[in-house]
**Student:** 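Let me give you the structure first, and then I'll get to my questions.
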Number of protein chains: 2
Amino acid sequence: MSGRLSRSGSGPGQRDILEAAAVAFTRAGYEATTIDDIADELGATKGRVYHYYRAKADIFLDVVLTGMEEMIAGVQPIASSTDISGADRLWRMVHHHAGLMMTRNSFQRVAVQAVEMHRLREHSTQKAALQKVITLRDEYEQLFADVIDEGKREGLFRDVDPRLATKPALGALNWISIWYDPDRGDYATVQRVAAEYADFIVNGLRRSRT
Amino acid sequence: MSGRLSRSGSGPGQRDILEAAAVAFTRAGYEATTIDDIADELGATKGRVYHYYRAKADIFLDVVLTGMEEMIAGVQPIASSTDISGADRLWRMVHHHAGLMMTRNSFQRVAVQAVEMHRLREHSTQKAALQKVITLRDEYEQLFADVIDEGKREGLFRDVDPRLATKPALGALNWISIWYDPDRGDYATVQRVAAEYADFIVNGLRRSRT
DNA sequence: GTCTATATGTGGATAGAC
DNA sequence: GTCTATCCACATATAGAC
């Protein structure tokens with residue numbers, strides 16, 4: 001019932017599969033990716049994959065949760081830094097999010113795919129699994145909504161609905177995983193793009209000084 | 001070779017299929033949608049569908065191009081209105097784009113899917129078809145880049161790379177097709193959300209008055 | 001034009017050798 | 001733990017009746 005055999009104690013064999021699966025799912029999407037594709041990417045055959053995972057959906061979920069946890073682990077601490085202003089905190093959260101979209105492109109692209117799927121037809125077993133993904137995403141969005149709310153109280157941000165305002169911000173950010181080509185970007189590019197996104201989003205919320 | 005039987009002279013029978021396909025593809029995504037799903041949505045069987053289209057990929061492409069042409073038809077004239085400022089033009093372009101994402105959710109969601117696919121593995125026949133989609137998308141992005149460039153020349157916008165600046169803007173907009181639920185939104189909601197997006201994006205580019 | 005078969009290929013998952 | 005061989009379900013597309 002649980003699907004994957006273990007997520008906490010993942011040995012090296014399992015981690016290799018996870019990496020290969022992230023690449024494969026990024027390349028072709030969940031449905032179009034076959035277990036053979038993942039095995040090919042791994043330089044092995046199906047047998048190896050099925051030794052570690054019982055089903056394709058379980059591999060996918062493992063990639064997705066790995067990506068989401070990595071994102072939360074980086075952004076959560078910034079959101080909690082109450083010593084800096086809401087606007088500055090938001091800038092750093094956006095910058096970090098944008099950076100991960102590029103440096104960890106495959107895992108983050110797959111996580112985005114999972115969020116897109118939640119409105120999709122019941123994938124039988126996956127329906128329950130995707131529910132966990134949506135819960136995580138909602139909590140993540142709330143981190144941004146809270147910081148936006150604080151920016152409003154500080155008088156720095158316009159009078160927006162914080163929850164609605166997270167939509168264009170996170171939409172812009174998540175879209176990076178779609179257009180960004182990890183083969184073309186070096187470190188300087190990543191920094192430049194991340195800064196541009198942070199400026200854009202914080203600026204978009206800032207109250208214009210009349 | 002051409003695939004679809006006709007796109008210009010689409011009779012009522014063909015248009016019904018297109019609508020049903022848009023809904024079905026929106027619900028489950030391209031790969032997970034079966035021809036039977038489309039036929040069900042239509043209240044018919046496969047036979048009807050295959051009478052008008054030779055292949056699933058052709059139906060998809062027809063939905064996608066319909067959505068993209070509809071978007072371009074609305075935004076292009078605004079982009080060409082040289083009588084109003086670059087900033088105002090951009091505001092209206094964004095407002096219109098956001099509105100269509102909600103009022104024509106299924107067609108636009110499917111068009112976004114196609115754009116997401118272009119990085120995906122060669123879908124054999126589709127590769128060539130998707131190339132046309134990417135060309136259209138590039139031309140569409142250029143409309144925004146040009147207006148942003150004009151806003152810069154007017155001294156209203158910050159010194160951004162216009163082409164890069166279209167990415168967060170269009171990413172935010174396209175993401176609407178993913179989170180917006182057409183069953184929940186009335187006319188007032190659509191107007192409010194579209195205005196918020198337009199404010200957000202134009203504000204994001206605006207030079208802050210120091 | 002629309003339906004009901006059906007041919008055909010492919011992919012997820014399992015069994016069992018090594 | 002990793003492989004090969006195979007089962008089986010399902011989806012695209014076609015053939016042909018009505």
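Below, read A as the first sequence line, B as the second, and so on, with proteins coming before strands; counting in each chain starts at 1. The structure displayed is predicted, hence computed values, not measured ones.
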**Student:** Grab the CD1-C1' distance between A:I59 and C:dG11 for me, whole Å please.
**Tutor:**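 Checked: the CD1 to C1' distance equals 13 Å.
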
**Student:** Quickly work out the B:E31 CD to C:dG12 P distance and round it to whole Å.
**Tutor:**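 Taking CD of B:E31 and P of C:dG12, I get 11 Å after rounding.
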
**Student:** With a 4.0 angstrom cut-off to heavy atoms of chain A, pull out the first and last contacting nucleotide of DNA chain D, in 5'-to-3' order.
**Tutor:**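 Terminal contacting nucleotides, 5' to 3': D:dG1 to D:dT4.
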
**Student:** So, the side chain of B:N105 versus the backbone of B:M101: is there a donor-acceptor pair under 3.5 Å, distance only?
**Tutor:**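 Answer holds: yes.
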
**Student:** Which comes earlier along DNA chain C counting from the 5' end, the contact point of A:D36 or that of B:K46, where each point is its nearest nucleotide?
**Tutor:**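 In this pair, the answer is B:K46.
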
**Student:** Distance check needed: C:dG12 P versus A:Y52 OH, whole Å only.
**Tutor:**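 Value for this atom pair: 20 Å.
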
**Student:** Please report the distance, rounded to the nearest Å, between CZ in A:R48 and C1' in C:dT14.
**Tutor:**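 Rounded to whole Å, this separation is 19 Å.
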
**Student:** Taking 4.0 angstrom as the limit, do B:R89 and B:E150 come out as a salt bridge?
**Tutor:**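 A salt bridge is present here (some side-chain N lies under 4.0 Å from a carboxylate O).
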
**Student:** Check the distance between C:dA15's P and A:H51's NE2 and give it to me in whole angstrom.
**Tutor:**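 Distance, rounded to whole Å: 15 Å.
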
**Student:** Is the charged tip of B:K56 near the ring of B:F25: under 6.0 Å from the six-membered ring centre and within 45° of its axis?
**Tutor:**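 No, a cation-pi geometry is absent between B:K56 and B:F25.
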
**Student:** Round to the nearest Å and state the distance from A:R54 atom CZ to C:dA15 atom P.
**Tutor:**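 Nearest whole value for this atom pair: 12 Å.
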
**Student:** For A:I35 and C:dT14, give me the distance from atom CD1 to atom P, rounded to whole Å.
**Tutor:**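 Rounded to whole Å, this separation is 11 Å.
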
**Student:** Quick one: do B:D161 and A:R192 satisfy salt bridge (Lys or Arg N to Asp or Glu O under 4.0 Å)? Show the steps, please.
**Tutor:** CA-CA 11 Å; B:D161 171 1; A:R192 186 174 128 262; 3.7 Å; yes

**Student:** Pick from B:D40, B:D37, B:D36: which one makes a salt bridge (charged side-chain N to carboxylate O under 4.0 Å, His left out) with B:K46?
**Tutor:**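 The salt bridge (charged side-chain N to carboxylate O under 4.0 Å, His left out) with B:K46 is passed solely by B:D36 among B:D40, B:D37, B:D36.
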
**Student:** Show the numbers, then the answer: is there a side-chain contact (heavy atoms from CB on, under 4.5 Å) between B:R163 and B:D138?
**Tutor:** CA-CA 10 Å; B:R163 198 71 203 183; B:D138 286 345; 3.9 Å; yes

